[in-house]
Amino acid sequence: MQAKNAFSILKLGLISLVAASLMACGPEKQTASSGEAATQQTYKWKMVTSWPKNFPGLGTAPERFSKMVDEMSAGRLKVKVYGAGELVPALQVFDAVSQGTAEMGHSGAYYWKGKTAAAQFFTSVPFGLTAQEMNGWIYHGGGLQLWQELYAPFNLIPLAAGNTGVQMAGWFNKEINSVDDLKGLKMRIPGLGGEVLKRAGGTPVTLPGGELFTSLQTGAIDATEWVGPYNDLAFGLYKAAKHYYYPGWHEPGSMMELTVNKPAFESLPKDLQAIVTTAAKAINADMLAEYTARNNAALTELVEKHGVDVRELPADVLTKLRELSDQVVAEVAAQDPAAQKVYDSYIKYRDGVVKYHAISEQSFINAR
Ligand code: CA
């Protein structure tokens with residue numbers, strides 16, 4: 001009995017030893033397998049947008065982003081894109097992503113001026129930066145950091161995600177021959193440009209793209225800006241207004257934004273986070289390339305096929321709008337500390353880049 005007990009004790013001891021060594025291996029093995037599981041985990045995200053589904057440029061960029069992310073992640077991150085109104089209305093993208101209804105959104109920051117005035121600096125500023133200059137400020141001039149600080153209280157991470165280049169001044173049902181013609185003008189023009197129009201005596205309204213044609217055709221508005229020939233042709237705006245004015249003083253290089261719900265982004269493994277930020281950079285460049293390649297053909301079609309009257313805004317109108325823009329932008333900044341901080345960075349950068357571009361881009365384009 002004693003021998004048997006001794007053997008039992010030895011056997012128990014051995015079992016304990018084996019169990020202990022298994023437990024010792026356990027955590028390491030478990031870490032390895034859960035690490036592997038984390039990287040193999042599939043994420044299914046929703047992206048809401050402010051554009052009609054697959055709308056040229058604005059709406060195709062989110063689709064390209066989705067495809068790129070799917071390929072780069074080998075299917076581990078799937079992003080389903082929703083057009084305006086499919087999941088949430090066009091101008092509720094910010095709230096939807098902030099609240100986590102969707103993990104991502106594609107829109108324009110200036111639509112959110114009611115949330116935070118400084119957001120307007122991250123789409124376009126009247127008489128401000130061109131697309132090329134904007135990218136310099138965002139990626140290498142401190143702009144992105146300021147933008148991410150600005151959106152942090154809303155649970156959002158913003159990323160640059162497309163640029164239209166210089167837009168057109170818009171479609172008008174009355175001629176603009178002098179500053180007086182802006183008085184009483186009811187025009188769809190969002191963001192800071194709208195504030196400038198108000199200062200010039202007009203009535204700015206903000207409407208999503210999908211409502212422009214009807215509003216213009218029914219006379220609910222006298223004029224609308226949208227983007228440029230490529231997009232304006234797609235909306236058929238030439239059927240609703242007589243005159244097409246340039247240049248887009250109010251939006252010299254409008255940047256689109258990709259917003260990411262912060263907890264959702266932070267739940268991704270590092271490599272998927274890098275895929276999201278890299279794919280955003282890719283569509284940021286690609287959208288500008290698409291507009292650059294397509295705008296001229298669209299303008300030719302508007303003029304030659306549809307007989308559109310293309311006009312430059314008179315020089316004195318542009319001069320007046322520039323003066324008002326400087327005042328309005330400085331005043332918007334002065335009313336809000338966050339906007340002042342962004343404004344200071346933006347203006348310092350703009351002054352520097354304008355100085356250099358006078359002897360580079362501008363000099364070259366004049367000489368070409
Ligand atoms: Ca516009």
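Numbering of ligands and ligand atoms starts at 1, following listing order.
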Subject >> Atom nearest to the Ca ion (ligand 1) - Glu251, N, O or S atoms considered >> reply: OE2

**OP:** Would you check if there is a donor-acceptor pair between the side chains of Glu251 and Tyr110 at a distance under 3.5 Å?
**Re:** yes

Original post:
Are any N, O or S atoms from Gly170 nearer to the Ca ion (ligand 1) than 3.0 Å?
Top reply: no

**OP:** Using side-chain hydrogen bond (donor to acceptor under 3.5 Å, both in side chains) as the criterion, point out the one residue from Asn163, Asn284, Thr130 that pairs with Asn135.
**Re:** Asn284

Original post:
Quick one: do the Gln340 and Asp344 side chains pair a donor with an acceptor below 3.5 Å?
Top reply: yes

Original post:
Would a line drawn from the ring center of Trp137 to the ring center of Phe122 be shorter than 6.0 Å?
Top reply: yes

Original post:
Checking only N/O/S atoms, does Gln167 have one that is under 3.0 Å from the Ca ion (ligand 1)?
Top reply: yes

Subject >> Glu225 atom OE1 and Trp226 atom O as seen from the Ca ion (ligand 1), angle to 10 degrees >> reply: 80°

